A.B. asks: 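Got a structure for you, written out below as structure tokens; questions coming shortly.
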Protein chains: 2
Amino acid sequence: MAMKALSKATIYQVAQLADVSIATVSRALRDSDLVTAETRERVRSAARELNFTPSRPARSLAEGRHAANGIVFPDLIGPYYAEVVLGYEATAAASGSSVLILATNGRPDAAAAVRELAGRVDGLTVMGRTVDDEVVAGIASTGLPVVLLARDPVDGVDTVRAGNSGTARALAEHLVGHGHRTLTFLGDPDESPDVAGRYAGVRAGSKGARLTLVRGKGLDLDSGRRAAEQLLTRAKPDAVICANDEVALGVLLAASEQGLRVPEDLAVTGWDDLLAARFAGLTTVRQPMRELGATAARWLNRRIDENSSEQNRTAARRRILATELVIRQSCGVHEEVRS
Amino acid sequence: MAMKALSKATIYQVAQLADVSIATVSRALRDSDLVTAETRERVRSAARELNFTPSRPARSLAEGRHAANGIVFPDLIGPYYAEVVLGYEATAAASGSSVLILATNGRPDAAAAVRELAGRVDGLTVMGRTVDDEVVAGIASTGLPVVLLARDPVDGVDTVRAGNSGTARALAEHLVGHGHRTLTFLGDPDESPDVAGRYAGVRAGSKGARLTLVRGKGLDLDSGRRAAEQLLTRAKPDAVICANDEVALGVLLAASEQGLRVPEDLAVTGWDDLLAARFAGLTTVRQPMRELGATAARWLNRRIDENSSEQNRTAARRRILATELVIRQSCGVHEEVRS
DNA sequence: TGGTGAAGCGGGTGCGCTCCCAAGTTTCGG
DNA sequence: CCGAAACTTGGGAGCGCACCCGCTTCACCA
């Protein structure tokens, strides 16, 4: 069989080869039952021979839908976002839509990029600190379904997130139960709503102890390490409660450099339960990351269906998924703890 | 200002409102210098008022390009792929194209999904064990630019990968240098070309020791753990060389359960240098993950430009990025090692 | 055997935009 | 003061496909 089509074949060429109209080609290839089995087969083989794939833009234009949805996240650096995105992709793909990703990652033109993305999809998930509420509201007002993930709600927009304050409170109480009296929260509540929620919970759970807030910027390992280098030489907290695991791991590194033993000299906690946390013996909080992504994708799909089937729009939904305290060694000496 | 357009505005409405033709709208919005500043501004404000965003499918159809490219990977579970994808996204976005992702992840219809993806992009990056060479060749023969990542080359297709055998050999030699004489390679060379390359390198470096191959399937933590549970009760190797870090971490877990000390009773090594490896004291190999993704994106872009500018196609390129041995504690007792 | 309806198929329109081509307008130099 | 170059702008032809109509063709029933 000669390999013909090096340049894209169109439906017209298939129609010509199969000696039918393009309407029939369209039907045959889309499994419509309005064509004879014989015709269908003839069309199919013609399509195969020409290596034909329908032009996605043309199809989208005609159908009025993209068959794709997008997700915007600040970064993919930590395993946290990766897991969420993976959960999202799996669910979205299962319902037949492609996934566009966009990492705002300190991009200066984030808002423009998100708007551009919005023009390519049937629905959009926006995670955390990526763009202003104003941008989100603007897109949502277009009628494009939007789901917010790990982010403060916006009027009329669905929101999925993981619980922060409740578990944070439990975490702080656990620390106090260990006898720690000088607590430091390392992280900037202004950096993300998640961090804000965690700090609030920690405050609520720190009764009977002195809590200091150190606004370390950045949520990565090096930020944590640098912040800790300064912090530990100056103050002498019993425990450092970090905004996330990466920061906590950085603190662990800094502590080790300064010869501080964890947890004897210093307790450290994180948030996210990264794989590394397990091996670092880090007490932390587990979030259902995969499930966060999956839920967002599922909700988005429902909205898209709603839109197309002219149903009356249901009210904005909000859900907070449960998080779980994971006690390991870094929070204080226990009788016997192995993960 | 009344919020008009809840339903998508089109270029016609903008044209009408600005009292010009759609051709002029198109020009004005695309920064063509063939329009008066005055006209441009009028069009812009009309577009703003209608909250107009050009339809991406229509534009793609007319331009004959998607302004997007895609990346296919087996999974996003490990931090490995996440980093690569992030590097890819960053570079692709910088050159103005959106990114579509597809995780084949044990999907039964992977080939179909990849073909569908191919119809949505101007270029495609295919990573590791996702689809057969046949599928790749088929897509490439369409004229669509393709770059292979961490995968055995296919005729006429660019390939970027990280070095395996050389560093693997050095790793094995290091192990032998520690005095280990009973080596086990844990991982299935048939699972991925990377694993095959690593095994080959280890074989080359194991002179003077006995090397056993244990074909543990799966490259995740639990696979490693389960494989090790069986392995360690039966055989008693001095050292287990794992196909990647996750497997190695699983082995660490299993060893700890059986009361084996690492590295005194058992040496363990991984591959990838995950964040967790650092905290587990795991000797491993670092790959330039971000750079792998970025290179793929860059090459893809070049190919796309080549295609559109009718240049004569340059020959397929291949590059192997350097990897680096990272010695920590798990490979054997050193005088003094801190990472 | 004429009538009836359903199945199978093709024509043609429209999706929203880009871009070529030509028409209209302004500006200058001779 | 006229004609041509230099700008602006509009008209219109696609881009490739889906889908609404309407025409044919038959099988089937009375």
Side-chain angles (χ1 to χ4, degrees), chain A residues 5 7-44 46-47 50-68 116 118-122 142-144 308, chain B residues 5 7-44 46-47 50-68 116 118-122 142-144 308:
Chain A
S7 43
K8 306 270 180 224
T10 73
I11 198 174
Y12 292 95
Q13 302 173 27
V14 177
Q16 186 173 9
L17 183 58
D19 196 30
V20 292
S21 75
I22 62 161
T24 300
V25 174
S26 177
R27 279 187 286 254
L29 262 28
R30 294 157 53 67
D31 283 320
S32 162
D33 48 355
L34 285 80
V35 280
T36 322
E38 192 268 335
T39 306
R40 194 200 321 274
E41 196 36 54
R42 192 149 41 89
V43 170
R44 290 246 170 102
L50 294 173
N51 199 2
F52 170 72
T53 310
S55 152
R56 191 60 242 186
R59 181 174 269 188
S60 293
L61 184 57
E63 287 182 328
R65 61 187 221 100
H66 302 271
E116 138 79 22
R120 295 178 166 270
V121 296
D122 300 319
T142 309
L144 189 79
S308 61
Chain B
S7 43
K8 307 270 180 225
T10 72
I11 198 174
Y12 291 96
Q13 303 172 27
V14 177
Q16 186 174 10
L17 183 59
D19 196 31
V20 293
S21 73
I22 61 163
T24 300
V25 173
S26 176
R27 280 187 285 252
L29 262 27
R30 294 156 48 69
D31 283 321
S32 161
D33 50 355
L34 285 78
V35 280
T36 323
E38 192 267 336
T39 305
R40 193 200 323 272
E41 196 38 55
R42 193 148 40 89
V43 170
R44 291 243 169 103
L50 294 174
N51 199 3
F52 170 74
T53 311
S55 152
R56 191 59 241 187
R59 180 174 270 189
S60 292
L61 185 57
E63 287 182 328
R65 61 187 225 102
H66 302 271
E116 137 79 23
R120 296 178 163 271
V121 297
D122 300 319
T142 309
L144 189 79
S308 62

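A quick note: this is a predicted structure, and the numbers were derived from the prediction, not measured. So that the names make sense, note that chain A is the first sequence line, chain B the second, and so on, each numbered from 1.
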A.B. asks: Write down the distance between CG (Leu50(B)) and P (dC17(C)), rounded to a whole number of angstrom.
C.D. replies: 12 Å
A.B. asks: Report the distance from atom CD of Glu38(A) to atom P of dC26(D), rounded to the nearest whole Å.
C.D. replies: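 Those two atoms, CD and P, are 14 Å apart.
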A.B. asks: Check the distance between dT18(C)'s P and Tyr12(B)'s OH and give it to me in whole angstrom.
C.D. replies: 11 Å
A.B. asks: Does dG10(D) have OP1 or OP2 sitting under 4.0 Å from an N or O in the side chain of Thr24(B)?
C.D. replies: yes
A.B. asks: With sequence neighbours left out, write down each residue that passes side chain to side chain contact (heavy atoms under 4.5 Å, CB included) with Ala68(A), or none if nothing qualifies.
C.D. replies: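 Expected list: His66(A), Ser98(A), Leu100(A), Arg120(B).
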A.B. asks: Under 4.0 angstrom, heavy atoms only, what part of the nucleic acid is Val20(A) near: base, sugar-phosphate, or nothing?
C.D. replies: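 Sugar-phosphate contact only.
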A.B. asks: Between Ile22(A) (CD1) and dG14(C) (P), how many Å, whole number?
C.D. replies: 15 Å
A.B. asks: Thr36(B): what forms a side-chain hydrogen bond (donor to acceptor under 3.5 Å, both in side chains) with it, not counting sequence neighbours?
C.D. replies: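 In terms of side-chain hydrogen bond (donor to acceptor under 3.5 Å, both in side chains), with neighbours along the sequence ignored, Thr36(B) is linked to no residue.
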A.B. asks: Which nucleotide in the set dG10(D), dT18(C), dC17(C) lies at the smallest distance from any side-chain heavy atom of Ala23(B)?
C.D. replies: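 Ranking dG10(D), dT18(C), dC17(C) by closest atom to the Ala23(B) side chain puts dG10(D) first.
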A.B. asks: Between the side-chain atoms of Arg27(A) and the base atoms of dG10(C), is any donor-acceptor pair under 3.5 Å?
C.D. replies: yes
A.B. asks: Think Ser21(B) has a side-chain N or O under 4.0 angstrom from the OP1 or OP2 of dT9(D)?
C.D. replies: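 False: Ser21(B) side-chain N/O out of range (4.0 Å or more) of dT9(D) OP1/OP2.
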A.B. asks: Tell me: CG of Leu29(B) to C1' of dG16(C), nearest whole Å?
C.D. replies: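 Checked: the CG to C1' distance equals 13 Å.
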A.B. asks: Which residues satisfy the salt bridge (Lys or Arg N to Asp or Glu O under 4.0 Å) test with Arg40(A), sequence neighbours excluded?
C.D. replies: none
A.B. asks: Report the residues that fulfil side chain to side chain contact (heavy atoms under 4.5 Å, CB included) with Ser55(A), sequence neighbours left out, ordered by chain and then residue number.
C.D. replies: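 With sequence neighbours excluded, Ser55(A) shows a side chain to side chain contact (heavy atoms under 4.5 Å, CB included) to Pro57(A), Ala58(A), Leu61(B), given in chain and number order.
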A.B. asks: Could you write out each protein N or O paired with an N or O of nucleotides 22-25 of chain C at a distance under 3.5 Å?
C.D. replies:
none

A.B. asks: What integer distance in Å separates Arg42(B):CZ from dG10(D):C1'?
C.D. replies: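 After rounding, the reported distance stands at 13 Å.
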A.B. asks: Quantify the bending of the helix from dT1(C)-dA30(D) to dG30(C)-dC1(D) as the angle between its end axes, each fitted on five pairs, to 10°.
C.D. replies: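 Answer rounded to 10°: the end axes differ by 50°.
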A.B. asks: Taking DNA chain C as the partner, which of residues 56-63 of chain A come within under 4.0 angstrom of it by heavy atom?
C.D. replies: Leu61(A), Ala62(A)
A.B. asks: My understanding is that only residues two or more places apart in sequence, or in another chain, count here; which of them pass side chain to side chain contact (heavy atoms under 4.5 Å, CB included) with Glu63(B)?
C.D. replies: Arg30(B), Arg56(B), Arg59(B), Arg65(B)
A.B. asks: Please confirm whether the shortest side-chain N or O distance from Arg30(B) to OP1 or OP2 of dC19(C) is below 4.0 Å.
C.D. replies: yes
A.B. asks: For nucleotides 4-8 of chain D, tabulate all protein N/O to nucleotide N/O atom pairs closer than 3.5 Å, reporting atom names and distance.
C.D. replies:
from   : atom 1 : to       : atom 2 : distance (Å)
dT8(D) : O3'    : Thr36(B) : OG1    : 3.2

A.B. asks: Nearest to the Thr10(A) side chain among dG12(D), dG10(D), dC17(D), which nucleotide is it?
C.D. replies: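 Among the listed nucleotides, the one closest to the side chain of Thr10(A) is dC17(D).
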